[in-house]
Protein chains: 2
Amino acid sequence: MPNENLYPEHESLFNVFNSIYPLSDELKKAIVNESNIIHVEKKTQLLNAGETSNNIYFINKGAARVYYLDKEGAEITSWFLFENELLISVYSFFTGLPGFEYLETLENSTLIVLKREKLNKLYEKYLDFNFIGRKLTEFYYIRNEIQANELRVLTAKQRYQRLLTNNPKLLNRVSLGHIASYLGISQETLSRIRKQI
Amino acid sequence: MPNENLYPEHESLFNVFNSIYPLSDELKKAIVNESNIIHVEKKTQLLNAGETSNNIYFINKGAARVYYLDKEGAEITSWFLFENELLISVYSFFTGLPGFEYLETLENSTLIVLKREKLNKLYEKYLDFNFIGRKLTEFYYIRNEIQANELRVLTAKQRYQRLLTNNPKLLNRVSLGHIASYLGISQETLSRIRKQI
DNA sequence: TTGATTTTTTGACATTTGTCAAAAGTTGGG
DNA sequence: CCCAACTTTTGACAAATGTCAAAAAATCAA
């Protein structure tokens, strides 16, 4: 497979896509041409509330979070993303409307950036790419639904324990305050839960 | 448009699809050929936990819910669906694996049923149908994310008030117990909240 | 290393929500 | 129309979680 390392910066992305549906060389080339690689420092705001999410990011290296402000102005983290994951503000990116979410890197990161317009052009031109887009959307949707179910049913302690067993590496890379809001509990309660375990 | 009433039982479905992306006559015909119309009584179990969600349902008339059992065996409703909406067990249908969710009608209902295999065949044969599938998945995803966010941030009372303003008709069609579990609160608490308002 | 900044923990107390049991109300089939 | 089954409400109390303020610990840039 001489193609494997033709686009080293896009290797991880293509691996993700290929595991869903084989990518044609033409589509690969188009993706490489339309996207950019960027290096950003930790705490970079990739999107602010009120703006429209016009970019989709693939995390080659690093970490990021999606958050928004509640009524009192406190930051609520709704999602953490790491290597080989896609980063958008779901609402704003999918609707094309200004949204309420912020996107922020948590670590110095290497990202592949693709403009929403360009992604949509790819969807129009390469119809089988919609298959990949649909599958990825389904995949993230499932994760989101699991999260909603856990918020409904589990106690604060149980939610933390789930995170601990299902995503232990996350704890080393994300601050407690962010995790607390992600789990829908106060930082103090999470601190107390941790002591018990 | 002489085609408009060619398939009266599929009119609502095609309206939904057409509002996303124009449906070719050929695709319409294929959908009609591959799907069935069924009439089911209220409280019909369309899917049980442990089974694989092999059907997608479009609700022409009626109502349904998605639910699962928590550790104590109590029913937790995770979703209500009404006319012009699609009904699946997200996890099981998307992965093709046996799931944990039940699908149940809440009213006597008229449904369009399409087997997952047949849907996938349609996706393969009519690639632009993936565009519609992707958009619909995105749409339901957004709804799910809003729900997760509200479960994280809002108090029980606020979640009920949101439901009241955003979905008032739902209250006339769904029992309080189901709504309580959907909002992640006990039935007694919901009853007390209602009295306050 | 050090001092400033940020993050985490702790304590005391308030509030929200849950649980269990029973009563009241509602619904639908015979 | 009435009874049985189901749904909703109420009361008393327990448990979970939040809030505010302050202390302790960790982090990081100079």
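Every chain is numbered from 1 and lettered A, B, ... according to where its sequence line falls, protein lines coming before strand lines.
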Response to the item:
Side-chain atoms of S191(A) come closest, of dG18(D), dT8(D), dT10(C), to dT10(C)
Discussion item. What I want to check is whether the side chains of N108(A) and K42(A) have a donor and an acceptor closer together than 3.5 Å.
Written reply: no
Worksheet item: K71(A) has an atom NZ; how far is it from atom C1' of dG18(D), in whole Å?
Response: 17 Å
Item to complete: Please determine, for the side chain of S186(A), which listed nucleotide (dT8(D), dG18(C), dG18(D)) has the closest atom?
Response: dG18(D)
Discussion item. Could you check whether F129(B) and F17(B) have their ring centres less than 6.0 Å apart?
Written reply: yes
Worksheet item: Would one find more than 12 heavy atoms of other residues, nucleotides or ligands at under 6.0 Å from atom CD of E41(B)?
Response: no
Worksheet item: In residues 156-181 of chain B, which ones come under 4.0 Å of DNA chain D, going by heavy atoms?
Response: S175(B), L176(B), G177(B)
Practice prompt. Can you tell me the distance, in whole Å, between the CD atom of E75(B) and the P atom of dC6(D)?
Written response: 12 Å
Fill in: Helical bend (five base pairs per end, nearest 10°) for the helix from dT1(C)-dA30(D) to dG30(C)-dC1(D)
60°
Worksheet item: For the pair made of CG in L154(A) and P in dG18(C), what is the distance, rounded to whole Å?
Response: 14 Å
Worksheet item: Contact class for I185(A) vs. all strands (heavy atom < 4.0 Å): base, sugar-phosphate, or nothing?
Response: sugar-phosphate
Discussion item. When you measure from the side chain of R152(A) to the backbone of Y182(B), do you find a donor-acceptor pair of N or O atoms at a distance under 3.5 Å?
Written reply: yes
Item to complete: Give the ring-plane orientation class for F131(A) versus Y21(A), where under 30° counts as parallel, over 60° as perpendicular and anything between as tilted.
Response: tilted
Practice prompt. Validate the cation-pi geometry between R134(B) and Y123(A): distance from NZ or CZ to the six-membered ring centre under 6.0 Å, angle to the ring axis within 45°.
Written response: yes
Item to complete: In whole angstrom, give the distance that lies between atom CD of Q187(B) and atom C1' of dC6(D).
Response: 10 Å
Item to complete: Whole angstrom is fine here: how far is it from CG in L106(A) over to C1' in dT27(D)?
Response: 16 Å
Worksheet item: Is the base of dG18(D) touched by the side chain of R192(A) through a donor-acceptor pair closer than 3.5 angstrom?
Response: no
Worksheet item: So does K195(B) get a side-chain nitrogen or oxygen closer than 4.0 Å to the phosphate oxygens (OP1/OP2) of dT10(D)?
Response: yes
Item to complete: Give a yes/no on whether any side-chain N or O of R194(B) is located under 4.0 angstrom from OP1 or OP2 of dT8(D).
Response: no
Worksheet item: F14(B) vs Y7(B) aromatic rings, parallel, tilted or perpendicular, using cut-offs 30° and 60°?
Response: perpendicular
Discussion item. Is there a continuous path of hydrophobic side-chain contacts, each under 4.5 Å between heavy atoms, that joins L13(A) to Y126(A)?
Written reply: yes
Worksheet item: In terms of heavy-atom contacts, does CZ of R162(A) have more than 12 from other residues, nucleotides or ligands at under 6.0 Å?
Response: no
Discussion item. The side chain of E188(B) is closest to which nucleotide in this list: dC20(C), dT19(D), dT7(D)?
Written reply: dC20(C)
Worksheet entry | Rounded interatomic separation in angstrom, taking CG from L183(A) and P from dA16(D) | 17 Å
Worksheet, complete the sentence: Atom CG of L190(A) and atom P of dT9(C) are separated, to the nearest Å, by 8 Å
Fill in: Beyond-backbone contact of Y68(B) with V153(A), side-chain heavy atoms, under 4.5 angstrom
yes
Worksheet item: Between R159(A) (side chain) and Q147(A) (backbone), is there a donor-acceptor pair under 3.5 Å?
Response: no
Discussion item. Starting from F80(A), can I reach I185(A) by hopping between I/L/V/M/F/W/Y residues whose side chains sit under 4.5 Å apart?
Written reply: yes
Under 3.5 Å, N/O pairs linking protein and nucleotides 27-30 of chain C:
none

